[in-house]
Trainee: 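The structure is given below, and queries will be raised subsequently.
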Amino acid sequence: MTTASTSFARTGRRTPLAVTVSSCAVPVMVLGQFAMLAIVPVAIALVGALLHVRDRPVRWAAALLAVTYAIPLVVWLTRSDGAPSLSKDIHPAFVGLIVAASAALIVAILQARRR
């Protein structure tokens, strides 16, 4: 008589799929002029990386992405003469930093999968 194992084997994916998809969605949303809505994938990437990922480079890259997104958001919220939307008020240098931080998170996720 054979018995089947009821334990689930790990698939080797250390980073949740939501973190991976969110890290790819952030630059698309920021470049597509949906910067305010990009707060959702930034939050998902940060919380998912901090709670469910063991690799430090992924955690640091997610925190870097959150900080680079939070700086222009706070500036936009505190300015009295700001534009009606974050996409119109954000400086292009910050867009580049957000895209670069998201790319760093994607690279960190891919390197974590190889280990």
Side-chain angles (χ1 to χ4, degrees):
M1 181 185 276
T2 61
T3 59
S5 175
T6 58
S7 66
F8 295 104
R10 287 191 71 174
T11 60
R13 176 177 286 157
R14 296 179 181 153
T15 307
L17 183 61
V19 174
T20 305
V21 171
S22 295
S23 65
C24 294
V26 171
V28 171
M29 293 180 85
V30 171
L31 290 172
Q33 299 294 313
F34 292 102
M36 189 61 193
L37 291 177
I39 195 167
V40 175
V42 168
I44 291 171
L46 178 65
V47 171
L50 292 179
L51 293 180
H52 300 292
V53 178
R54 293 182 185 178
D55 291 328
R56 277 196 182 151
V58 176
R59 288 181 176 185
W60 280 102
L64 177 68
L65 176 62
V67 168
T68 57
Y69 180 80
I71 292 170
L73 179 66
V74 169
V75 168
W76 177 67
L77 289 173
T78 57
R79 285 179 57 180
S80 61
D81 63 341
S85 72
L86 178 61
S87 297
K88 293 180 181 179
D89 197 40
I90 193 169
H91 193 273
F94 277 115
V95 172
L97 285 173
I98 292 169
V99 171
S102 181
L105 179 57
I106 293 168
V107 167
I109 289 169
L110 291 176
Q111 294 222 347
R113 284 188 183 169
R114 289 185 184 158
R115 286 185 220 141

Trainee: Could you see if V95 belongs to whatever hydrophobic cluster contains I71? Use Ile, Leu, Val, Met, Phe, Trp, Tyr and a side-chain cutoff under 4.5 Å.
Mentor: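 Yes; I71 is reachable from V95 via cluster members.
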Trainee: Check whether any side-chain heavy atom of I98 sits under 4.5 Å from a side-chain heavy atom of S102, and report yes or no.
Mentor: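 Sidechains of S102 and I98: no contact.
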Trainee: Can you list the steps and then say if L46 with L65 is a side-chain contact (heavy atoms from CB on, under 4.5 Å)?
Mentor: CA-CA 8 Å; L46 178 65; L65 176 62; over 6 Å; no
Trainee: State, to 0.1 Å, how close L105 and A45 come at their nearest heavy-atom pair, and which atoms those are.
Mentor: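 Taking every non-hydrogen atom into account, CD2-CB, 4.1 Å.
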Trainee: Which pairs would a plain distance check flag for residues 21-42, meaning a side-chain donor or acceptor within less than 3.5 Å of a matching protein atom at least two apart in sequence or in another chain?
Mentor:
{"residue": "S22", "atom": "OG", "partner": "A18", "partner atom": "O", "Å": "2.7"}
{"residue": "S23", "atom": "OG", "partner": "V19", "partner atom": "O", "Å": "3.3"}
{"residue": "S23", "atom": "OG", "partner": "T20", "partner atom": "O", "Å": "2.7"}

Trainee: Would a single hydrophobic cluster contain both L17 and L51, if residues Ile, Leu, Val, Met, Phe, Trp and Tyr are joined by side-chain heavy-atom contacts under 4.5 Å?
Mentor: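 L51 and L17: separate clusters.
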Trainee: Kindly give the heavy-atom pair with the smallest separation between A101 and T68, and that separation in Å.
Mentor: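 Shortest heavy-atom contact: CB-OG1, 3.6 Å.
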Trainee: Heavy atoms only: give me the nearest R59-A49 pair and the separation to one decimal.
Mentor: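 For R59 versus A49, the nearest heavy atoms are CG-O, 3.6 Å.
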Trainee: CZ of R56: more than 12 outside heavy atoms within 6.0 angstrom?
Mentor: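 Counting neighbours around CZ of R56, 12 or fewer heavy atoms of other residues, nucleotides or ligands fall under 6.0 Å, so no.
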Trainee: Could you tell me whether the side chain of D89 reaches within less than 4.5 Å of the side chain of F94, counting heavy atoms only?
Mentor: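 They are not in contact (no side-chain heavy atoms under 4.5 Å apart), so the answer is no.
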Trainee: Would you check if the side chain of W76 reaches a backbone N or O of I90 as a donor-acceptor pair within less than 3.5 Å?
Mentor: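 Flag not set: sc W76 to bb I90 has no pair under 3.5 Å.
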Trainee: Among the clusters formed by ILVMFWY side chains lying less than 4.5 Å apart, do I106 and Y69 turn up in the same one?
Mentor: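 No, I106 and Y69 fall in different hydrophobic clusters.
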Trainee: Hydrophobic clusters here meaning ILVMFWY residues chained together by side-chain heavy-atom distances under 4.5 Å, can you tell me if V53 and I109 are in one?
Mentor: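 In one cluster: yes.
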